[in-house]
2 protein chains.
Amino acid sequence: MGTNVVTPFKHADHDHDHCVDDALARAEQQCTKNGVRLTAIRRRVLELIWRRHEPMKAYDLLDMLRAERRSAAPPTVYRALDFLLEEGLIHRIESLNAYVGCGDPHRPHVGQFLICQHCNAVAELNDSDVYQVLTSKAEELGFQVNSQTIEINGLCPACRDAPRING
Amino acid sequence: MGTNVVTPFKHADHDHDHCVDDALARAEQQCTKNGVRLTAIRRRVLELIWRRHEPMKAYDLLDMLRAERRSAAPPTVYRALDFLLEEGLIHRIESLNAYVGCGDPHRPHVGQFLICQHCNAVAELNDSDVYQVLTSKAEELGFQVNSQTIEINGLCPACRDAPRING
DNA sequence: TGACAACTTGCAACACTATAACATGTGTCG
DNA sequence: CGACACATGTTATAGTGTTGCAAGTTGTCA
């Protein structure tokens, strides 16, 4: 109980196509259930975000979109991002101005992220102990919690073990 | 043990001049100790940040600076902010692109903030329990923690009790 | 004192991040 | 079909932060 990793750090050899396909399938399902449309653009942006297991920046996504859709402009990508955030399909990493896929969109959860400063990998936690401790501390001060942004910087297991190879 | 509020929510009637003066005096002391210079610009930016008990944006600070120093430009304020961040005299609130004074610069501490969505007030925590729980959860996953960004959104005691007065 | 190094500020331009406003297209349902 | 809601196209602009180099300031030490 307590720790519940939603999106763990990925090894280089995991079946990534499968991993992305799964995420897209979950997204389709989620949108159907909620009666909203996962249009071609939205789906493509979500796929681009999932394709790398690291936070993606809006203008990088825009560049990729533009390669295949001449009309893409900032609003194109920001609208898609807003939609995906709204549906809980992605998260925004405040400290990086970047976006990552959410591994578990159908369940309500707080944003708790471990961010590797060396390889940019991100793991998403959904830890009830952390949530509880923070909430109870806040309430001791009379503060009513609505949402939490937790971003932990450091080194992921791989980079921790080999921190000097390419940095 | 555990909870240790560094900068609590302020009441409207606290002695604010005194509160700002204290912060500036602590800053002078801290800079002297560290052998760095709290120049006029840096000191003024710090004062502007302290004068309101809410996060201040870089370009708002710039406008205020310009009113009294014709030559002020973006680098002027960003350099001052970088210096103050470096010395631990202020913190950056990632989710707001804004900056707040640090109530306790001489002691190492993590950034844990309660942010009122209604009145923008910010309280800074320095809670070892929260730190411990997060660090141990991260280390269970083999992640080595360097720094934590924790930003809790919600309602401060005053706005919680009277949430409909001016919102 | 004066010359040098290190630090700080001035200044212009630019890069990156995000939104506004309005027009046009598309899909659904009576 | 026609009306409506939703989605996208398009242009412009707002907001946030950085680069690079010139000029000024401060402290140090022979």
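Chain A is the first sequence line, chain B the second, and so forth, proteins listed ahead of strands; every chain is numbered from 1. Being a predicted model, the structure only gives us computed values, none of them experimental.
Two residues, B:Ile41 and B:Pro75, neighbour DNA chain C, and the one matched to the more 5' nucleotide by heavy-atom proximity is B:Ile41. Map B:Leu96 and B:Arg79 each onto its nearest nucleotide of DNA chain D; the residue landing nearer the 5' end is B:Leu96.
DNA chain C lies under 4.0 Å from at least one heavy atom of each of the following residues of residues 58-69 of chain B: B:Arg69.
Under 4.0 angstrom from either OP1 or OP2 of C:dT9 there lies no side-chain N or O belonging to B:Ser71. Under 4.0 angstrom from either OP1 or OP2 of C:dT17 there lies at least one side-chain N or O belonging to A:Lys57.
The pair B:Asp17-B:Arg51 meets the salt-bridge criterion, since a charged nitrogen lies less than 4.0 angstrom from a carboxylate oxygen.
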Side chains of residues 61-74 of chain A: which donor-acceptor partners sit under 3.5 Å, not counting sequence neighbours?
{"from": "A:Arg66", "atom 1": "NH1", "to": "A:Ala72", "atom 2": "O", "distance (Å)": "3.3"}
{"from": "A:Glu68", "atom 1": "OE1", "to": "A:Arg44", "atom 2": "NH2", "distance (Å)": "3.1"}
{"from": "A:Glu68", "atom 1": "OE2", "to": "A:Arg44", "atom 2": "NE", "distance (Å)": "2.5"}

I'd like a table of donor-acceptor pairs (distance under 3.5 Å, sequence neighbours excluded) in which one partner is a side-chain atom from residues 138-146 of chain A, with atom names and distances.
{"from": "A:Asn146", "atom 1": "ND2", "to": "B:Gln117", "atom 2": "OE1", "distance (Å)": "2.6"}

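Taking the 5' to 3' direction, DNA chain D first and last meets chain B under 4.0 angstrom from a heavy atom at D:dT16 to D:dT26.
At the heavy-atom level, A:Arg42 lies under 4.0 Å from the strands shown only through sugar-phosphate atoms. At a threshold of 4.0 angstrom between heavy atoms, the contacts of B:Arg70 with the nucleic acid are absent. Within the 4.0 angstrom heavy-atom criterion, only backbone atoms of the sugar-phosphate kind lie near A:Tyr99; the bases stay farther away.
One distance of note links CG of B:Asp161 with SG of B:Cys156; it measures 9.0 Å at 0.5 Å rounding. Note that CD of B:Gln30 is 9.5 Å distant from CG of B:Asp104, once rounded to the nearest 0.5 Å. The structure places CD of A:Glu54 at 12.0 Å from CD1 of A:Ile115, a figure rounded to the nearest 0.5 Å. With values rounded to the nearest 0.5 angstrom, B:Lys137 atom NZ is found 9.5 Å from A:Gln112 atom CD. The CH2 atom of B:Trp50 lies 10.0 Å from the CG atom of B:Leu89; values are rounded to the nearest 0.5 Å.
Within the structure, the salt bridge (charged side-chain N to carboxylate O under 4.0 Å, His left out) test picks out the following pairs touching residues 71-97 of chain B (sequence neighbours left out): B:Arg92-B:Glu94.
Under the 4.5 Å side-chain heavy-atom criterion for grouping Ile, Leu, Val, Met, Phe, Trp and Tyr, B:Phe83 is not connected to B:Ile93 through any hydrophobic cluster.
Counted within 6.0 Å of CZ on B:Arg52, heavy atoms from surrounding residues, nucleotides or ligands total 12 or fewer; the atom is thus considered open.
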Each nucleotide of nucleotides 25-30 of chain C classed B (base within 4.0 Å of a protein heavy atom), S (only sugar-phosphate) or -, in 5' to 3' order, makes --S---
